[in-house]
Amino acid sequence: IYDSLLHVEKMNALNVLTGGIAHEFNNVLTPILGFSQMLIKKLDDPNLKIYAQMIEQSARDGAMIVKRVNEFTRKEAAGEKEPCDINDLILKSIYMVHPQWKEEELTAGKKVSIYTELKASGYVYCNCCEIRDVITNLLINAFDAIETTGKITVKSWDEDDNVCFVIEDDGIGMSDEVLEKIFTPFFTTKTKRGTGLGLSIAHNIIAGYFGTINAYSIPGYGTQMVVKLPLYNPPAHDAT
Ligand code: ADP
């Protein structure tokens with residue numbers, strides 16, 4: 001019995017690892033797909049158009065592979081840490097998800113406006129890719145929560161020894177029952193493209209930096225996802 005339990009644990013660990021890589025890979029593919037679709041529309045030169053179509057096709061192939069790998073969670077190895085400007089990461093994440101949203105707005109007639117109020121001035125000492133991954137996941141969830149027309153607001157501020165940000169949407173919101181489970185791996189209410197991993201990965205990443213992530217939501221009104229990360233204190237300059 002002990003051996004078979006160990007086996008189950010090992011298989012779980014493997015699935016978690018595979019899933020984590022697949023999930024991150026998908027985040028890399030999203031802007032490649034979005035921007036290549038934009039290029040295909042904008043380029044006049046037929047040769048260049050073919051190149052862009054090839055990029056798009058490869059990104060689609062990659063997305064298919066990710067689809068097949070259907071058991072996910074987070075990869076363990078984080079890259080280099082450095083002082084990160086949270087406002088910069090927020091703006092980059094918005095820029096990266098934007099083409100994909102535009103595409104959906106065109107195909108599904110959805111209209112989402114995005115506003116920013118970025119007042120944080122402190123830095124966080126993190127791996128920037130991981131934090132961008134968290135922000136991207138929160139933005140995608142906010143977008144998905146809006147059914148037709150809505151608004152997403154991203155704010156950042158300094159608070160005591162923390163740098164904080166919130167991603168707010170006026171979408172469908174969550175019941176207490178859903179709220180209780182959102183950080184559980186594989187919990188999803190989405191029928192298409194939901195893996196139930198975005199928030200569990202986000203939670204792991206933020207906890208890894210001794211930060212917090214909290215959800216506040218009212219069904220029918222919307223959701224606020226609040227992230228707090230410890231402020232980076234640069235080493236004092238040697239005055240000699
Ligand atoms: P996924 O997006 O793949 O479903 P997540 O872990 O990111 O996985 O989210 C888990 C669930 O939490 C979602 O399926 C959804 O039910 C709920 N959720 C997350 N963010 C929001 C939001 N902004 N508004 C409403 N529901 C949300």
Side-chain angles (χ1 to χ4, degrees), residues 12 15-30 33 63-75 90 93-94 96-98 100-101 104-105 108 110-116 129-156 164-208 211-228:
N12 282 344
N15 287 341
V16 163
L17 191 71
T18 322
I21 295 166
H23 188 274
E24 310 256 331
F25 190 50
N26 215 20
N27 282 352
V28 174
L29 287 175
T30 303
L33 203 56
M64 272 312 292
I65 295 169
V66 173
K67 240 185 175 167
R68 279 190 231 124
V69 182
N70 54 10
E71 288 160 302
F72 309 113
T73 196
R74 165 180 192 222
K75 76 170 194 297
I90 289 169
S93 305
I94 293 174
M96 282 168 88
V97 292
H98 209 244
Q100 195 67 22
W101 288 3
E104 267 191 50
E105 287 184 352
K110 203 159 150 168
K111 192 86 207 91
V112 177
S113 339
I114 183 146
Y115 300 91
T116 51
C129 289
E130 285 195 310
I131 303 303
R132 224 172 38 215
D133 198 20
V134 171
I135 300 168
T136 306
N137 278 322
L138 297 179
L139 285 170
I140 291 172
N141 280 344
F143 184 83
D144 286 345
I146 294 167
E147 281 173 325
T148 47
T149 310
K151 175 171 129 178
I152 297 174
T153 311
V154 188
K155 297 178 190 164
S156 74
C164 312
F165 63 91
V166 59
I167 296 181
E168 296 180 7
D169 66 70
D170 58 2
I172 54 171
M174 291 178 260
S175 65
D176 288 347
E177 233 188 343
V178 170
L179 261 179
E180 249 172 47
K181 298 186 204 127
I182 55 170
F183 297 114
T184 310
F186 307 110
F187 172 78
T188 182
T189 58
K190 295 176 191 170
T191 44
K192 52 172 188 174
R193 92 168 175 200
T195 62
L197 287 162
L199 289 181
S200 63
I201 292 172
H203 188 273
N204 281 4
I205 291 173
I206 299 300
T212 57
I213 176 166
N214 285 298
Y216 305 92
S217 189
I218 303 175
Y221 283 89
T223 301
Q224 293 185 324
M225 298 297 299
V226 181
V227 176
K228 297 189 179 187

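All ligand and atom numbering here is 1-based and tracks the order in the structure.
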Handout entry: Axial cation check for Phe165 ring with Lys228, 6.0 Å and 45° limits
Key = no
Practice task
Starting from the C-alpha separation in whole Å, work towards a yes-or-no answer on salt bridge (Lys or Arg N to Asp or Glu O under 4.0 Å) for Lys155 and Glu168.
Solution key: CA-CA 8 Å; Lys155 297 178 190 164; Glu168 296 180 7; 3.5 Å; yes
Completion exercise
Quick look: Ile140 vs ligand 1, heavy-atom contacts under 4.0 Å, and the answer is neither
Completion exercise
Logged contact type for Leu199 with ligand 1, heavy-atom cut-off 4.0 Å, is both
Practice task
Answer yes or no: is there a donor N or O on one side and an acceptor on the other, between the side chain of Thr184 and the main chain of Phe187, under 3.5 Å?
Solution key: no
Practice task
Answer yes or no: is there a donor N or O on one side and an acceptor on the other, between the side chain of Asp170 and the main chain of Lys151, under 3.5 Å?
Solution key: yes
Short list, please: which atoms of ligand 1 are under 4.0 Å from a heavy atom of [X]?
| X | result |
| --- | --- |
| Gly173 | 25 (C) |
| Gly198 | 5 (P), 6 (O), 7 (O), 8 (O) |
| Thr188 | 1 (P), 4 (O), 14 (O) |
| Ile182 | 6 (O), 12 (O), 17 (C) |

Fill in the blank from the handout: The single option from Leu138, Asn137, Leu139, Asp133 that satisfies side-chain contact (heavy atoms from CB on, under 4.5 Å) with Ile135 is Leu139
Nearest option to [atom], as decided by whichever heavy atom of [options] sits closest:
| atom | options | result |
| --- | --- | --- |
| atom 17 (C) of ligand 1 | Lys181, Met174, His203 | Met174 |
| atom 22 (C) of ligand 1 | Ile201, Asp169, Thr184 | Asp169 |
| atom 19 (C) of ligand 1 | Ile167, Asp170, Thr189, Asn141 | Asn141 |
| atom 24 (N) of ligand 1 | Ala142, Ala145, Gly171 | Ala145 |

Handout entry: Evaluation steps, side chain to side chain contact (heavy atoms under 4.5 Å, CB included), between Met225 and Leu199
Key = CA-CA 10 Å; Met225 298 297 299; Leu199 289 181; 3.9 Å; yes
Practice task
Determine whether Asp169 and Thr153 make a side-chain contact, defined as any pair of heavy atoms from C-beta on separated by less than 4.5 Å.
Solution key: no
Handout entry: Ser200-ligand 1 polar pair, N/O distance under 3.5 Å
Key = no
Practice task
Say whether Ile172, considering both its backbone and side-chain N or O atoms, lies within less than 3.5 Å of an N or O atom on ligand 1.
Solution key: no
Practice task
Tell me, yes or no, whether the heavy-atom count around Phe183 atom CZ, taken from other residues, nucleotides or ligands under 6.0 Å, exceeds 12.
Solution key: yes
